[in-house]
Amino acid sequence: MPPVIEAENLIKIHKQGNLEVVALQGLDFFMESGEFVSIVGKSGSGKSTLLTILAGFDRPSAGSVTVAERDLVDISQRELTGYYRHEVGFVWQDFTRNIVPYLKVRANVELPMLLAGVGGRRRKKRALALLEAVGLRNKAYSKVGTLSGGEQQRLALCIALALGPKLLLADEPTGELDTETSLEIYELLRGLSHDSGLSVLVVTHDVALAQRTDRVVRIADGRISTHGRFGQEELIAIDQRGMVQLPRDMLIESGIGDHVRVKLVEDGILIQPEERDE
Ligand code: ADP
Ligand code: MG
């Protein structure tokens, strides 16, 4: 399977009057199909800029970017429509932007399908299945206004997934929600990714939430921070067998070879090259 996202040397310069802001400065990013990945980074580091480029809402100033084998740099307006319909789903940070407030819940999920020309019976079936998957089946005929924030976020998710995208992008999807509801949304995303092979990329500044994803990528000053530096800190997922994949650049920098010495210390676990005494 080819990677779902291949972005190389991405540069994005936002122009505002005479002012130029370099939001992405040579960013490289790859994502395998079916991965559940989070991007963390301080405010202003370029997270939203990257996501809007991946979503096809904006173009990079330079560099290359391919999503599901579609080149997003030279894409025509017509191809872009196909891209929105078949490849990518987007959940806005303000998820009410996904939702039409005067339509009922099920009608909201059906709307993208209606616009894409999907027939009535298939629309209904798919909408109800999606609502079922996120625990909203019993709200299918409710007005949007009667839903809680968490329920509206789940509805936004169904709308983004209505046309069966390969990649789901979400910018701070739980920014407006409490911790418990946020965790539920992340578990839901994890389930979607693991059960149906959907590739999911979420942006967050919440490290505890990022930890719920399979891989955390840090962005700083418009670049993925990958170079091994002293004092570098990274958040790495531990899989169910207790396996941890150490960052390659850190391994090189630390001189660690085939084996490591692992020692339980007062405030954690220390990993050192095997020949070192202490
Ligand atoms: P993040 O999502 O990590 O907070 P953004 O991608 O929104 O970061 O912003 C990266 C940088 O680009 C910031 O300095 C921001 O002010 C600037 N920026 C983002 N969008 C625009 C825009 N449309 N016009 C001008 N500057 C922008
Ligand atoms: Mg942002």
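We count ligands from 1, going down the list as the structure has it; atoms in each ligand are counted the same way.
The distance between the ring centers of Phe57 and Phe90 falls below 6.0 angstrom.
Interface of Ser48 with ligand 1, defined as ligand atoms under 4.0 Å from a residue heavy atom, comprises 1 (P), 2 (O), 6 (O), 7 (O). Counting atoms of ligand 1 from 1 in the listed order, those under 4.0 Å from a heavy atom of Ala23 are 10 (C), 11 (C), 12 (O). Listed by number with element, the atoms of ligand 1 under 4.0 angstrom from any heavy atom of Lys42 are 3 (O).
Scanning the protein heavy atoms around atom 6 (O) of ligand 1, the nearest turns out to be Thr49 OG1, 2.5 Å. Regarding atom 26 (N) of ligand 1, its nearest protein heavy-atom neighbour is His14 CB, 3.3 Å.
In this structure, atom 11 (C) of ligand 1 has a protein heavy-atom contact shorter than 4.0 Å.
A distance-only check finds no donor-acceptor pair linking the side chain of Gln152 to the backbone of Gly149 [under 3.5 Å]. Listed for the Arg137 side chain is no donor-acceptor partner under 3.5 Å among the backbone atoms of Leu131. Between the side chain of Ser193 and the main chain of Leu189, no donor-acceptor pair closer than 3.5 Å is present. Ser196 places a side-chain N or O within 3.5 Å of a backbone atom of Leu192 that can act as its donor or acceptor partner.
Only the side chain of Val21 comes within contact range of ligand 1, with a heavy atom under 4.0 Å; no backbone atom does. Contacts between Lys47 and ligand 1 below 4.0 angstrom, taking non-hydrogen atoms only, involve backbone and side chain alike.
At least one N/O/S atom of Ser48, whether from backbone or side chain, sits less than 2.8 Å from the Mg ion (ligand 2).
Considering only non-hydrogen atoms, atom 13 (C) of ligand 1 lies nearest to Gly44 out of Gly44, Ala220, Gly222, Gly46.
The existence of a salt bridge linking Asp239 and Arg241 is confirmed by a sub-4.0 Å separation between a basic side-chain nitrogen and an acidic carboxylate oxygen.
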*Would you please test Glu187 and Arg212 for salt bridge (charged side-chain N to carboxylate O under 4.0 Å, His left out) and show each step?*
CA-CA 8 Å; Glu187 285 315 305; Arg212 301 295 169 124; 3.6 Å; yes
*I would like to know whether Glu87 and Lys166 meet salt bridge (charged side-chain N to carboxylate O under 4.0 Å, His left out); could you show each step before the answer?*
CA-CA 5 Å; Glu87 264 102 36; Lys166 299 186 179 91; 3.2 Å; yes
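Of the N or O atoms in Lys15, none lie within a sub-3.5 Å distance of an N or O in ligand 1.
Residue-ligand proximity: Ser43 is placed with a non-hydrogen atom under 4.0 Å from ligand 1.
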